[in-house]
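Below: one structure, written as structure tokens.
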Amino acid sequence: MSQEPEDVKPKLNLTISYDGQQITVKVKPNMKFAKIFEAAEKRFGKEPGTFKFTYEGNRITKEDTPAGLDMEDGDQVDAFLEQLGGFVPSRLS
């Protein structure tokens with residue numbers, strides 16, 4: 001009987017989409033997204049922390065993993081420019 005060791009898991013190909021462009025990254029199921037974010041930002045030519053990432057409409061955090069989000073080979077992650085909101089106080093008369 002030949003069985004694969006439990007810690008050997010197949011890699012997933014994830015597509016990351018930003019502004020009409022797509023890249024494919026090969027990741028391990030238990031890899032934290034912090035590393036995936038860094039690779040995507042580099043490939044899109046952006047500074048670290050530039051994007052926010054979503055999967056099926058939900059924000060992905062740096063601590064999430066593809067396995068934790070039940071991702072499968074070929075799934076798509078969407079990247080958006082991080083926008084920080086401002087507060088403009090109303091003038092009191």
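The structure presented is a predicted model; accordingly, all values stated were derived computationally and were not measured.
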_Please determine whether side chain to side chain contact (heavy atoms under 4.5 Å, CB included) holds for the pair E41 and E47, giving the CA-CA distance in whole Å, both sets of side-chain angles, and the decisive distance to 0.1 Å._
CA-CA 6 Å; E41 288 166 334; E47 293 292 319; over 6 Å; no
*Could you check K32 against E63 for side chain to side chain contact (heavy atoms under 4.5 Å, CB included), going step by step and ending with a plain yes or no?*
CA-CA 5 Å; K32 289 191 179 181; E63 297 299 313; 2.8 Å; yes
*Might you work through the side chain to side chain contact (heavy atoms under 4.5 Å, CB included) test for I16 and I36, ending with a clear yes or no?*
CA-CA 10 Å; I16 300 177; I36 300 167; 4.1 Å; yes
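Residues I23 and V27 share a single hydrophobic cluster, defined by chaining ILVMFWY side chains whose heavy atoms lie under 4.5 Å apart.
Nearest heavy-atom pair across G74 and T15 is O-OG1, 4.4 Å. For the residue pair P29 and T65, the shortest heavy atom distance occurs at O-CB, 3.6 Å. Residues M71 and L14 approach most closely at SD-CD1, 3.9 Å, considering heavy atoms. For the residue pair T61 and D64, the shortest heavy atom distance occurs at N-OD2, 2.8 Å. Closest approach of V25 and R43 over heavy atoms only: CG1-NH1, 3.7 Å.
Rounding to the nearest 0.5 Å gives a distance of 10.5 Å between CG of D78 and NZ of K52. How far CG of L12 is from CE of M31: 10.0 Å, rounded to the nearest 0.5 Å.
Y55 meets the side chain to side chain donor-acceptor pair (under 3.5 Å) test with D75; sequence neighbours excluded.
Heavy-atom neighbours of Q22 CD from other residues, nucleotides or ligands within 6.0 Å: above the threshold of 12.
Within the 6.0 Å centre-distance limit, the rings of F51 and Y18 are counted as a close aromatic pair.
Side chain of T54 to main chain of G57: no donor-acceptor pair is present (N/O by atom type, distance under 3.5 Å, no hydrogens or angles).
Remark: of the listed residues F37, F80, F33, F37 is the sole one forming a ring pair (Phe, Tyr, Trp, His ring centres under 6.0 Å) with F53.
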